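Shown next, in structure tokens, is the structure this report addresses.
Just so we're clear, the structure is a prediction, and the values are computed from it rather than from any experiment.
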Amino acid sequence: MNFLFLMTDQHRVDTLGCYGNPHVATPHLDRLAATGTRFDRFYTPTAICTPARASLLTGQAPFRHRLLANHERNVGYLEDLRDDVFTFPEALAERGYRLGLYGKWHGGTHRNAASYGFEGPDLAGWHNPVDHPDYLAYLAERDLPPYRISDLVRGVSPNGNPGNLLAARLHQPVEATFEHYLADRAIEQLERYAAGDSPFFLATHFFGPHLPYLLPDAYYDRYDPELVELPPSIAETFEGKPPVQRNYSAHWAFDTQSIETTRKLIAVYWGYVSLIDEQIGRILERLDELGLGADTSVFFTADHGEFTGAHRLHDKGPAMYEDIYRIPGIVRVPGRPAQVRREFATLTDCTATILELAGCDTAPATDSRSLLPLIDGDSPPWPEELLAEFHGHHFPYPQRMIRDDRYKLVVNPESVNELYDLDADPHELVNRYVHPEMRPVRIRLIRRLYRLLRERGDNFYHWMTPMYEVGELDHDPTQSAFEI
């Protein structure tokens, strides 16, 4: 069994046609979903690049592998996986697999993709490395113009300086874009693998649609902003919520830009998604032309989502909303039925799935559960809740989340806790943690989260011990979880 693993960065699930968007053209991913298994409730273990990607690499939750922050803005955590941590490419290599990774690595500071056995150019960092020698050589070989942008979109930061760059026009044809370059390089590697006798695992990790959205005019203007229905959570007031969320909104200068700008930014983001879909289509088409489709399992997912104005925020951060935790999850295994699954599944579960399909032991992928029983169309016993975690980005900020079919609890030891009724309030505008009628739900979820964390060995449960032991939780819920 071969593997083609397609991954995007900071990708909202609601931008894909197969997930219900009526406006954005994503025909190639829609076709992949229509011929495979689309997971409707697929989540990242943590909404930040490096820790999420490390969870995919190891099959372990971030608290266990301990690579907890992006190295660009690290806050004192480890910057690379420990040498003794299991990784799935190690297991595949032992079974004779050739390993390729084209695109974003972002898996550590000193250890790159080649450190784990992957072939391909070393493309580190969080944005398109447009000064990389291989990309420059690609442009030169094809007589294509270099990277150049104009019409920068940014707000005004609280100190009066220009805010973070959100979008700009890219003065290159599609063939010169970094996305087209990645697809070309992946196709070239696919052709080399097809000519050999070894099984392969080929990953293509696009840097987009992560901001800033830098696109040629045809994609920058592809979608009319009037088509954009603003996210209902743009009405966010932050009342009764952790103050860090309001501070993040100011950091991203949301209120310094007009609603018309927000609509345009979302429309440009859609254009970015369509550009990437087209490049994925080129890779999938070549896979079939080479006669590899019947022997290759195809995965498509993302490391986490993006706010694009939801909750008056951009990027991601210390707020465990669906916008950044729910991600696309599509798996096509030859011979398995086309279907949609509603069970909770995660990016980390891809690890055990790959291992099982390759005939490897899945046990070292400690926090990963193979999705094959679901992909096969079976109905095995399956967890009825989902856990996620966060450790900080610009500064330490520990969080844990549990959500079930209806409710979500977020424990914020440094601030107020959150409880959302996703049936009554799907956009998570009202923190119901303090509502008296929610007390039974609150207690149930606190106790369940505590027990699950303790069973996993996540020491965060120690911080929750006062909450668990009080039981009745008759305290001021606007205080820290510690102050009981």
Side-chain angles (χ1 to χ4, degrees), residues 7 39 41-71 74-75 77-91 106-108 116 299 301-305 316 318 320 322 324-327 329 343-356 361-371 382-393 396-404 408-413 445-446 448-464:
M7 193 174 193
F39 290 91
R41 298 198 289 189
F42 203 77
Y43 286 78
T44 183
T46 185
I48 183 169
C49 301
T50 297
R53 291 165 186 269
S55 287
L56 170 65
L57 196 64
T58 63
Q60 297 180 2
F63 83 88
R64 198 182 308 279
H65 64 62
R66 293 166 51 193
L67 189 54
L68 303 178
N70 293 354
H71 71 84
N74 207 321
V75 290
Y77 297 133
L78 292 179
E79 294 198 9
D80 286 283
L81 290 172
R82 305 183 311 279
D83 291 342
D84 62 346
V85 174
F86 166 84
T87 63
F88 81 80
E90 169 191 352
H106 216 185
Y116 298 93
F299 291 67
T301 187
D303 56 357
H304 54 79
K316 65 276 185 187
M320 305 188 86
E322 296 289 286
I324 59 173
Y325 275 83
R326 182 172 171 240
I327 57 175
E343 292 87 350
F344 288 118
T346 74
L347 175 65
T348 315
D349 293 330
C350 292
T351 314
T353 310
I354 292 165
L355 291 170
E356 184 173 357
D361 182 12
T362 63
T366 313
D367 302 301
S368 180
R369 178 187 292 261
S370 173
L371 299 171
W382 204 261
E384 295 181 354
E385 62 274 302
L386 170 90
L387 300 186
E389 61 190 88
F390 187 72
H391 297 265
H393 182 26
Y397 195 84
Q399 296 177 292
R400 296 295 185 276
M401 176 182 88
I402 183 171
R403 72 146 295 182
D404 61 19
K408 176 189 290 187
L409 169 74
V410 181
V411 177
N412 302 300
L445 289 176
I446 286 172
R448 183 64 177 154
L449 177 58
Y450 175 91
R451 289 166 181 160
L452 288 172
L453 294 178
R454 187 169 183 174
E455 289 171 5
R456 298 175 94 189
D458 182 347
N459 286 334
F460 190 95
Y461 84 86
H462 287 303
W463 292 7
M464 292 185 63

Residues Asp458 and Arg400 bridged, charged N to O under 4.0 Å
yes

Is the number of heavy atoms from other residues, nucleotides or ligands under 6.0 Å of Arg456 CZ greater than 12?
yes

Non-hydrogen side-chain atoms of Pro383 and Phe344 separated by less than 4.5 Å:
no

Check whether Ser368 reaches the backbone of Gly59 with its side chain - one donor and one acceptor, N or O, closer than 3.5 Å.
no

Between Pro62 and Thr46, which heavy-atom pair has the shortest distance, and what is it?
CG-CG2, 3.7 Å

Which pair of non-hydrogen atoms, one from Leu67 and one from Ala54, has the smallest distance, and what is that distance?
CD2-CB, 3.8 Å

Cys49 SG to His71 NE2 distance, which is reported to the nearest 0.5 Å
10.5 Å

Less than 4.5 Å apart, any side-chain heavy atom of Glu389 and any of Pro51?
no

Roughly how far, to the nearest 0.5 Å, is CE of Met401 from CG of Asn412?
11.5 Å

Heavy-atom check, side chain of Phe460 versus side chain of Pro413, under 4.5 Å:
yes

Can you see which heavy atom on Thr44 is nearest to which on Ile324, and at what distance?
CG2-O, 3.8 Å

Does the side chain of Phe42 reach to within under 4.5 Å of the side chain of Leu371, using non-hydrogen atoms?
yes

Quick check: closest heavy atoms across Leu453 and Met464, and the distance to 0.1 Å?
CD1-SD, 3.9 Å

Of the non-hydrogen atoms in Trp382 and Glu343, which two are nearest, and what is the gap between them?
CD1-CB, 3.5 Å

In the structure I gave you, are the side-chain heavy atoms of Pro398 and Phe63 within less than 4.5 Å of one another anywhere?
no

NE2 (His462) and OH (Tyr450) are apart, to the nearest 0.5 Å, by 8.0 Å

Any pair with a residue in residues 48-60 that passes side chain to side chain donor-acceptor pair (under 3.5 Å), sequence neighbours left out, goes on the list, sorted by first then second residue, please.
Thr50-Asn70, Arg53-His205, Arg53-Asp303, Ser55-His65

Testing the 3.5 Å rule here: is there a donor-acceptor pair between the side chains of Tyr325 and Arg403?
no

NZ of Lys316 to NE2 of His304: how many Å apart, nearest 0.5 Å?
4.0 Å

Interatomic spacing from CD1 in Ile402 to CD in Glu385 - rounded to 0.5 Å
5.0 Å

Search all heavy atoms of Ile327 against all heavy atoms of Thr301 and return the closest pair with its distance.
CD1-OG1, 3.6 Å

If you define the side chain from C-beta out and look only at heavy atoms, does anything of Trp463 sit under 4.5 Å from Val411?
no

Measure from the side-chain N and O atoms of Asp349 to the backbone N and O of Arg369, and report whether any donor-acceptor pair falls under 3.5 Å.
yes

Under the side chain to side chain contact (heavy atoms under 4.5 Å, CB included) test, residues paired with Pro89 that sit two or more places apart:
Leu57, Thr87, Leu99, Tyr116, Phe118

Side-chain heavy-atom pair Leu386, Arg41 within 4.5 angstrom cut-off
no

Does the side chain of Thr351 come within less than 4.5 Å of Leu56's, by heavy atoms?
yes

